[in-house]
Amino acid sequence: MSRLEIYSPEGLRLDGRRWNELRRFESSINTHPHAADGSSYMEQGNNKIITLVKGPKEPRLKSQMDTSKALLNVSVNITKFSKFERSKSSHKNERRVLEIQTSLVRMFEKNVMLNIYPRTVIDIEIHVLEQDGGIMGSLINGITLALIDAGISMFDYISGISVGLYDTTPLLDTNSLEENAMSTVTLGVVGKSEKLSLLLVEDKIPLDRLENVLAIGIAGAHRVRDLMDEELRKHAQKRVSNASVR
Amino acid sequence: MSLSVAEKSYLYDSLASTPSIRPDGRLPHQFRPIEIFTDFLPSSNGSSRIIASDGSECIVSIKSKVVDHHVENELLQVDVDIAGQRDDALVVETITSLLNKVLKSGSGVDSSMLQLTKKYSFKIFVDVLVISSHSHPVSLISFAIYSALNSTYLPKLISAFDDLEVEELPTFHDYDMVKLDINPPLVFILAVVGNNMLLDPAANESEVANNGLIISWSNGKITSPIRSVALNDSNVKSFKPHLLKQGLAMVEKYAPDVVRSLENL
Amino acid sequence: MAKDIEISASESKFILEALRQNYRLDGRSFDQFRDVEITFGKEFGDVSVKMGNTKVHCRISCQIAQPYEDRPFEGLFVISTEISPMAGSQFENGNITGEDEVLCSRIIEKSVRRSGALDVEGLCIVAGSKCWAVRADVHFLDCDGGFIDASCIAVMAGLMHFKKPDITVHGEQIIVHPVNEREPVPLGILHIPICVTFSFFNPQDTEENIKGETNSEISIIDATLKEELLRDGVLTVTLNKNREVVQVSKAGGLPMDALTLMKCCHEAYSIIEKITDQILQLLKEDSEKRNKYAAMLTSENAREI
């Protein structure tokens with residue numbers, strides 16, 4: 001007799017994690033050197049995301065050009081096969097996806113030093129191959145990594161994470177089963193600070209519990225930032241040692 | 001691809017000469033190296049990722065659904081998404097319809113392998129995502145589809161085959177899977193330059209080609225669709241029928257080797 | 001193609017410097033929401049909301065329809081927040097994919113539809129075949145900022161004001177009673193979400209905001225149009241009187257300290273309390289006005305107090 005217990009009395013979640021454990025986080029950068037100026041591939045739990053950054057480059061239409069700063073565009077391609085159930089129709093013009101794209105643009109517009117790339121356009125192309133909850137957080141992480149790989153100047157990392165609230169227990173880094181069972185809060189945290197670039201709550205949550213959930217989310221986001229930083233430094237170290245063996 | 005007048009002239013002259021001189025030194029029937037990875041999407045029944053040596057990349061996902069085969073005519077459906085192109089762009093729609101014809105159940109693919117019971121069969125959804133492409137991607141996509149289908153596992157049926165008398169929905173084993181065994185067709189693309197036929201044309205070769213040929217290969221022989229396709233906007237010319245014969249002979253000679261190397265992944 | 005409003009450099013410098021010195025253009029304090037004027041029309045579900053110079057009108061209507069196949073016990077509910085150049089020449093007609101338009105409609109949808117403010121199960125008539133399809137149409141008449149807040153108030157007031165025709169079900173046949181035959185029935189409202197929008201300004205430079213520790217960003221409640229054009233970030237919080245946060249949307253923009261955002265949520269709560277009470281009070285007054293002869297027409301006996 002097996003029941004699907006979101007949070008067992010022993011403190012274990014459906015996938016065996018504890019309330020404050022992140023899912024498996026694997027990332028690599030410069031995965032598509034031919035297709036883009038900067039690229040990253042990351043897996044957060046079962047989320048598999050390819051992020052390509054093309055730019056700074058000349059805009060296709062001169063009329064779109066801004067003489068004082070670069071223009072940032074984000075396109076998110078949620079594939080039809082990303083979820084367990086294949087989607088019948090394309091998500092390209094869905095309002096939910098447009099909202100995600102706008103949020104991502106507005107987040108990184110404040111983080112990337114656009115004013116040092118005037119008259120150019122930076123295109124960010126994202127392909128979601130598989131999603132299993134907390135997708136917004138993973139999109140943010142993928143973009144941060146790809147922008148760094150592209151060598152585009154920015155002020156700090158932005159790390160994304162989602163936290164759910166199951167009755168009174170906060171659960172860090174929710175997967176899709178958990179997202180369907182409770183309200184989740186998605187945060188985009190700037191570097192090691194407590195400043196939020198993104199705060200997204202889409203389902204009801206008691207006002208008095210929100211602060212605690214935010215605190216746990218920020219701590220989780222800091223850990224994600226450290227994981228990304230570790231991977232980036234490892235990659236840089238490899239590139240430096242490859243370049244200097246001669 | 002933007003090439004200067006001098007580059008185009010040099011390329012055309014060397015490709016059209018006898019014997020044909022390709023910029024990377026390949027023989028007319030030689031393919032460039034490719035990398036294929038399979039089975040990396042656990043939520044799909046099969047998946048493959050192909051990376052060509054010029055950086056072109058394509059990902060294919062295979063998903064299945066149980067359908068009533070008296071209602072559904074087509075048991076294989078291909079859907080192509082090329083990054084950066086609209087869904088109704090000409091190149092996307094032509095490739096999608098071509099691949100659907102190639103993989104049409106009954107003529108292209110033996111769909112008896114997909115049947116589950118007297119009433120139900122599996123419907124296979126082939127979703128193609130082309131991340132980047134520098135020349136006509138149809139051949140690359142077909143290699144990816146071939147590898148994906150050949151590494152696809154479908155759930156194993158445990159309920160009865162005859163479900164017309166006693167109406168029941170098919171039920172499946174919790175863990176065991178069955179490898180999908182259909183012989184997927186391949187699509188080859190050739191470039192026509194002067195009097196020469198070249199297999200696996202690179203981006204710069206396609207840019208100066210006079211024409212292109214799309215030839216399908218299934219079950220050890222050439223099959224339809226066979227089409228001509230313009231590989232660029234500037235150099236398109238008609239070609240003599242003997243070149244078509246030459247192209248078909250080339251595919252007949254070298255396709256089995258390609259199939260063998262894809263099988264031995 | 002609509003032309004964006006271009007605010008002059010002197011005007012923008014003036015407004016920003018005034019904010020640094022704790023002044024707002026209309027004299028409000030930073031945490032003061034504009035006075036909300038709600039007017040109900042003659043028909044049920046006809047509401048006009050006025051906040052300063054922002055005017056918004058909402059009409060609720062309903063008709064019989066077939067429920068979705070995968071939700072046979074629920075009715076249909078659609079909110080339309082299409083903007084037109086009537087509100088201002090910077091808006092384009094029918095542009096539903098513009099960034100701000102998408103954010104506005106998504107926030108209203110999350111606040112009202114997704115949160116279940118309207119009981120859709122109560123709209124079901126015959127499971128799987130007939131249900132009420134309720135439609136809320138928001139018309140933007142004049143733009144001076146605060147469209148999201150004003151539309152949410154208008155939609156909620158409209159839904160609470162609206163009454164649908166009474167129906168009798170005979171098997172598969174439904175009889176819809178005209179309004180003059182039988183009293184129309186109000187909709188089931190499960191909670192009253194109200195949105196409050198905060199706008200953020202950075203008085204120093206970007207470096208200080210991201211790397212510094214001073215947290216000196218300015219936050220104001222309910223920005224007017226000029227303040228909206230100059231803001232660096234925006235947060236929209238939706239709450240109800242049950243102390244529940246219905247939705248929060250800070251879609252990028254100026255990074256703000258988490259504690260400041262929490263403070264904003266708490267400030268928002270005291271504001272929505274007042275607005276909710278105001279809406280309920282006005283609904284009560286409207287219903288009393290409509291039934292002003294109720295005391296005379298009732299057949300109740302006189303009661304000793």
Side-chain angles (χ1 to χ4, degrees), chain A residues 63 72 74 92-115 136 140 154-158 165 183 185-215 217-218 221, chain C residues 1 96-107 109-111 114-117 191 193 200 202 206-207 209-213 215 217 232-240 242-266 268-269 272:
Chain A
S63 56
L72 196 62
V74 172
K92 272 196 188 154
N93 284 323
E94 230 178 62
R95 273 190 320 172
R96 185 179 64 101
V97 174
L98 291 173
E99 186 194 3
I100 290 175
Q101 287 172 178
T102 306
S103 309
L104 291 169
V105 166
R106 290 182 180 194
M107 283 176 70
F108 285 93
E109 266 179 353
K110 291 289 176 200
N111 196 36
V112 172
M113 297 178 191
L114 296 173
N115 53 320
M136 188 70 186
I140 298 170
M154 26 190 238
F155 284 102
D156 210 334
Y157 291 81
I158 303 187
L165 185 67
S183 171
V185 176
T186 305
L187 303 127
V189 180
V190 178
K192 284 200 251 208
S193 74
E194 304 225 325
K195 291 218 157 91
L196 300 180
S197 181
L198 174 86
L199 177 57
L200 197 61
V201 181
E202 292 182 316
D203 298 295
K204 277 186 254 178
I205 183 170
L207 174 61
D208 305 305
R209 303 220 175 268
L210 187 58
E211 192 164 338
N212 188 28
V213 168
L214 287 184
I218 291 174
Chain C
M1 189 56 223
I96 48 174
T97 54
E99 281 186 10
D100 294 307
E101 284 83 357
V102 167
L103 282 175
C104 176
S105 77
R106 282 287 298 167
I107 290 177
E109 168 155 351
K110 282 186 250 183
S111 304
R114 189 176 160 134
S115 69
H191 68 102
F200 306 120
N202 186 12
T206 324
E207 186 116 26
N209 161 248
I210 297 205
K211 301 288 187 187
E213 301 271 317
N215 283 346
E217 293 87 14
D232 296 309
V234 56
L235 167 79
T236 303
V237 196
T238 312
L239 302 126
N240 61 32
N242 306 333
R243 283 194 82 83
E244 284 176 326
V245 168
V246 176
Q247 74 87 40
V248 177
S249 171
K250 181 187 182 304
L254 189 72
M256 295 293 291
D257 185 60
L259 286 172
T260 314
L261 296 176
M262 272 316 302
K263 201 163 69 86
C264 291
C265 294
H266 285 289
Y269 182 73
I272 68 107

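Naming: A, B, ... by sequence-line order, numbering from 1 per chain.
Side-chain contact check for A/Arg95 versus C/Ile96: every heavy-atom pair is 4.5 Å or farther apart. Using a 4.5 Å cut-off on side-chain heavy atoms (C-beta onward), A/Arg106 and C/Leu103 make contact. Side-chain contact check for A/Glu211 versus C/Leu259: some heavy-atom pair is nearer than 4.5 Å. Put simply, the side chain of A/Leu200 reaches to within 4.5 Å of the side chain of C/Lys110, judged on heavy atoms. Side-chain contact between A/Lys195 and C/Asn215: present, with at least one pair of heavy atoms (C-beta onward) separated by less than 4.5 Å.
The most heavy-atom pairs under 4.5 Å with chain A, out of C/Gly253, C/Ala258, C/Pro193, come from C/Gly253. Here C/Met262 is the residue among C/Met262, C/Glu207, C/Lys211 with the most heavy-atom pairs under 4.5 Å with chain A. Of all the listed residues (C/Ser105, C/Pro255, C/Cys265, C/Gly233), the one sharing the greatest number of non-hydrogen pairs under 4.5 Å with chain A is C/Pro255.
Between the side chain of C/Arg114 and the backbone N or O of A/Glu202 there is at least one donor-acceptor pair closer than 3.5 Å. In this structure, the side chain of A/Lys110 does not engage the main chain of C/Ile210 through any donor-acceptor pair within 3.5 Å.
The CG atom of A/Leu210 sits 11.5 Å away from atom CZ of C/Arg243, with the distance rounded to the nearest 0.5 Å. For the atom pair A/Leu207 CG and C/Asn240 CG, the distance stands at 10.0 Å (nearest 0.5 Å). Atom CG of A/Leu196 sits about 9.5 Å away from atom OG1 of C/Thr260, to the nearest 0.5 Å.
Proximity to chain C is absent for every atom of A/Arg209, based on heavy atoms less than 4.5 angstrom apart. Proximity to chain C (any heavy atom under 4.5 Å) is shown, for A/Leu98, by both the backbone and the side chain.
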